[in-house]
Structures are given as structure tokens and as C-alpha cells.
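One structure below.
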Amino acid sequence: MGTHLLAVALAAVLAAPARAAGEIDAPVAPAGSQAAPLQPGEAVSHGRLSLAAGAAARLGGMRLDPARENPVLLLFFAGQAEGLWGRSSGQSARLRFRLFTGGERDIYVPTDGEVEAAYTLGRREFRFVVARAEAGRYPAIGLQVLAQAATLPSFEGTLPLAGEAMRLHYAAAPVEASFVRYRGASHVPHSAAWASESDRPVAASAGRLRFSLELPPALVASMEGEVLKLWRKADLLLASEASVGWQALDRTALFSLSLRWNGYTRRGLAPSTSETDSEVLLVLGATLAL
């Protein structure tokens, strides 16, 4: 039975019509998601914008407010803007943000999320990252600030498969600069024997990978994974995400359900020690692409 269903799904994907060159892609994940770029269609416009809102439930992680239990319900807001000039071998720019509110105090007070800006050169399938900067805050896994800055030899791209019914997006930064500061009591104070985690930026390596699949008439699913490792430090970020959504309004709207796991290993308060925290986020959201 399972083999039969898999065969039907693959047949539907292979039968999906290929998109014409320059046609706009539909969102495959909520706006602001990592490794989920929008593809502007130059025949329509050089730019593309998407906005998302919804609600999230967070499980696990550090206790954020000693006066009360960790709030489970969060609000979710996100946005993404992308520009493309010269589809064959041109320039691309991206600005995205993702924000969760209500994790520590009031429901509308920002607590979690990140913002990213990037400028790349090259074809859609392979682009050189000329400049990329990202800063995030993840208090439930002990991070007050996590910042990344990258340039060459970093690269990224999107590989269309099965007439673009499938897509594989990748991003890799073999060498980048990263700056970390831990939250509250997790902060490592400076000493002669054990340097603070926020003395200065350090070298790191990072990568992201997302596979997405569209099934007619309107179902879309994706899986994403990422890693960030600071050199000669205990710091290691691992994350994974699975999402499923339904496209509407001529593929410009996406109603989605995402499950994300974040885990971070950080330096402990004593030399040569480490601590690990993780969280799970269940996000129900709606995305509108313009």
C-alpha cells in the first residue's frame, strides 16, 4: 500500500507542467524561513515581497522568566523581499526577518527571531555570496545575540528538479565571522583562564539545505536542516524543520504548518565544560506573496 502511494505521488510530480523561463515561483515555506528564497519573475517584476503572520507554540528550552512558567503561546510575524537583475548571470539581493513575540513578557514584546541581508552574484543555480549578514536572538536555547557575517568563498543556489515541482536550495559558508553572547546567567565572564564568549568575532563554518516538493493541485512540503560551528569553540548550532502547506489565490498565498527544532551547545561557566539546550516550535501561519 505504501509503495503504491509513493508511486502515485511521484507520477503526479513528474506529470506537473514545467514553468516557463522567468515565471514566478510560489512560496514553499512561510515568509522569513531560512533557505527558502523567493524567485522574482523578470517578465513581471525585478522584485518580490512576501509577508506572514500566525501563531506558534514553543516546547522545551530554558526557563525565561523566573516569576512565571515559560509561555507556550507565541505570535509569529515575518517578511521577505528579494530582487533579481539579469536572470541568467546577474545580481540578487535579499532581506528577510522572522519574529516571535510573547516569549518573555507581554504577548506583543519581541523575544525570538532573526534578520538577514544578502547580496549575491551569479545564476540561480549557483551564486557567489558577495556579502551576507544575519543577527538573531534565541533566548530559550541561551542565546542573547548570535551574529554572522560572510563573503567569498560563500555560495548558495537553487536547483530545480522534475520541472521545478521539486527544488533543492543550498547555502554554504566554509569560512565566516560569528559573534555570540549568551543570555543572562549563561554569560561567561572574562578571565585570564577562560575568555568570555563575546570578547570578539571568531571564525565559523555554516551551511543550510532545504528540499521542497509540490504536489498538484496545491500541496507543498519542505524539509530544512542547518549547522553552524564555531572554530576552536564548543559552540554548535543544529536545527531542522519540516513544513506542509496549501497554496491558494493562484499560488500567491500559502497556509502552512511547520515543526522546527533548534539545539545549541555553548561554553559552560567553568573551563572545558559545555551546556546544551533545545526547543521545539510548532508554527501555524499564512503567507502572502506580492
Side-chain angles (χ1 to χ4, degrees), residues 27-38 49-65 70-82 94-118 132-150 171 176 178-184 186 198 204 206 208 210 222 224-228 235 237-243 245 254 256-264 266 277-289:
V28 297
S33 296
Q34 294 98 329
L38 291 169
L49 171 69
S50 65
L51 300 171
R58 178 168 59 197
L59 304 173
M62 300 174 61
R63 184 168 180 173
L64 303 181
D65 190 343
N70 282 358
V72 173
L73 180 64
L74 308 174
L75 296 182
F76 164 69
F77 304 95
Q80 190 165 333
E82 303 221 12
R94 175 174 69 252
L95 176 64
R96 72 170 183 90
F97 76 91
R98 189 175 58 166
L99 181 66
F100 296 92
T101 71
E104 293 173 285
R105 297 180 297 278
D106 299 326
I107 189 67
Y108 285 106
V109 175
T111 56
D112 297 48
E114 69 271 338
V115 59
E116 178 197 29
R132 188 185 82 90
E134 181 175 338
R137 183 174 188 263
Y138 313 98
I141 54 175
L143 297 179
Q144 184 73 9
V145 177
L146 176 61
Q148 303 171 62
E176 67 174 21
S178 183
F179 176 86
V180 180
R181 183 177 177 87
Y182 303 151
R183 179 183 181 274
S186 298
S198 58
R208 286 172 175 160
R210 182 182 291 271
S222 71
E224 187 259 355
E226 61 185 278
V227 60
L228 168 67
D235 298 69
L237 171 69
L238 295 173
S240 61
E241 179 181 292
S243 67
L254 177 69
S256 60
L257 178 66
S258 302
L259 181 66
R260 183 174 182 82
W261 174 84
N262 295 318
Y264 197 87
R266 61 184 185 276
D277 281 289
S278 62
E279 64 174 347
V280 174
L281 288 167
L282 184 65
V283 184
L284 180 64
T287 295
L288 180 62

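Only a predicted model underlies this, so the values are computations on that prediction, with no experimental measurement involved.
Listed for the Arg183 side chain is no donor-acceptor partner under 3.5 Å among the backbone atoms of Gln144.
Residues in residues 70-80 take part in no salt bridge (Lys or Arg N to Asp or Glu O under 4.0 Å) pair, two or more places apart or across chains. Screening residues 27-37 for salt bridge (Lys or Arg N to Asp or Glu O under 4.0 Å) gives no qualifying pairs among residues at least two apart or on separate chains.
A 4.5 Å side-chain heavy-atom check between Ile107 and Leu75 finds at least one atom pair inside the cut-off. For the pair Leu281 and Phe100, the minimum side-chain heavy-atom distance is below 4.5 Å. In this structure, Arg96 and Glu134 have side chains that are in contact, with non-hydrogen atoms separated by less than 4.5 Å. By the 4.5 Å heavy-atom criterion applied to side chains, Ser186 and Met62 are counted as neighbours. For the pair Leu259/Leu282, a side-chain contact is recorded, criterion being any heavy-atom separation below 4.5 Å from C-beta on. Side-chain contact between Ser33 and Glu224: absent, with no pair of heavy atoms (C-beta onward) separated by less than 4.5 Å.
A search for side-chain hydrogen bond (donor to acceptor under 3.5 Å, both in side chains) contacts involving Ser258 returns nothing, not counting sequence neighbours. Remark: Arg58 engages Asp112 in a side-chain hydrogen bond (donor to acceptor under 3.5 Å, both in side chains) (not counting sequence neighbours). Take Glu279 and apply the side-chain hydrogen bond (donor to acceptor under 3.5 Å, both in side chains) test, not counting sequence neighbours, and it matches Asn262. By the side-chain hydrogen bond (donor to acceptor under 3.5 Å, both in side chains) test, Asp235 pairs with Tyr182, Tyr264, Arg267, sequence neighbours left out.
Heavy-atom minimum distance, Ala53 versus Phe77: CB-CD2, 4.3 Å. What you find for Thr287 and Ala29 is that their closest heavy atoms are OG1-O, 4.4 Å. When all heavy atoms are compared, the tightest approach of Leu38 to Pro27 is CD2-CG, 4.4 Å. Across Ala55 and Leu73, no two heavy atoms sit closer than the pair CB-CD1, 4.3 Å. Considering all non-hydrogen atoms of both residues, Ala81 and Leu49 come closest at CB-CD1, 4.2 Å. When all heavy atoms are compared, the tightest approach of Pro37 to Gln80 is CA-NE2, 3.6 Å.
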Task: Trace of the side chain to side chain contact (heavy atoms under 4.5 Å, CB included) decision for Ser50 with Leu288 - done: CA-CA 5 Å; Ser50 65; Leu288 180 62; over 6 Å; no
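Taking the charged nitrogens against the carboxylate oxygens, Glu116 and Arg98 have no contact shorter than 4.0 Å, which rules out a salt bridge. Under the 4.0 Å criterion applied to side-chain N and carboxylate O atoms, Arg132 and Glu176 are assigned as salt-bridge partners. Residues Arg208 and Glu241 are not paired through a salt bridge, judged by the lack of any N-O separation under 4.0 Å between the basic side chain and the carboxylate.
The structure places OG of Ser222 at 4.0 Å from CZ of Arg210, a figure rounded to the nearest 0.5 Å. One finds the CG atom of Leu99 at 9.5 Å from the CD atom of Glu114 (value rounded to the nearest 0.5 Å). A distance of 6.0 Å separates CG in Leu74 from OG1 in Thr111, rounded to the nearest 0.5 Å. In this structure, Asp277 CG and Ile141 CD1 are separated by 8.0 Å, a value rounded to the nearest 0.5 Å.
Under the 3.5 Å distance criterion, with hydrogens and angles disregarded, no donor-acceptor pair is assigned to the side chains of Ser256 and Ser243.
Screening Leu146, Leu237, Val145 for a side-chain contact (heavy atoms from CB on, under 4.5 Å) involving Val180 leaves a single residue, Leu146.
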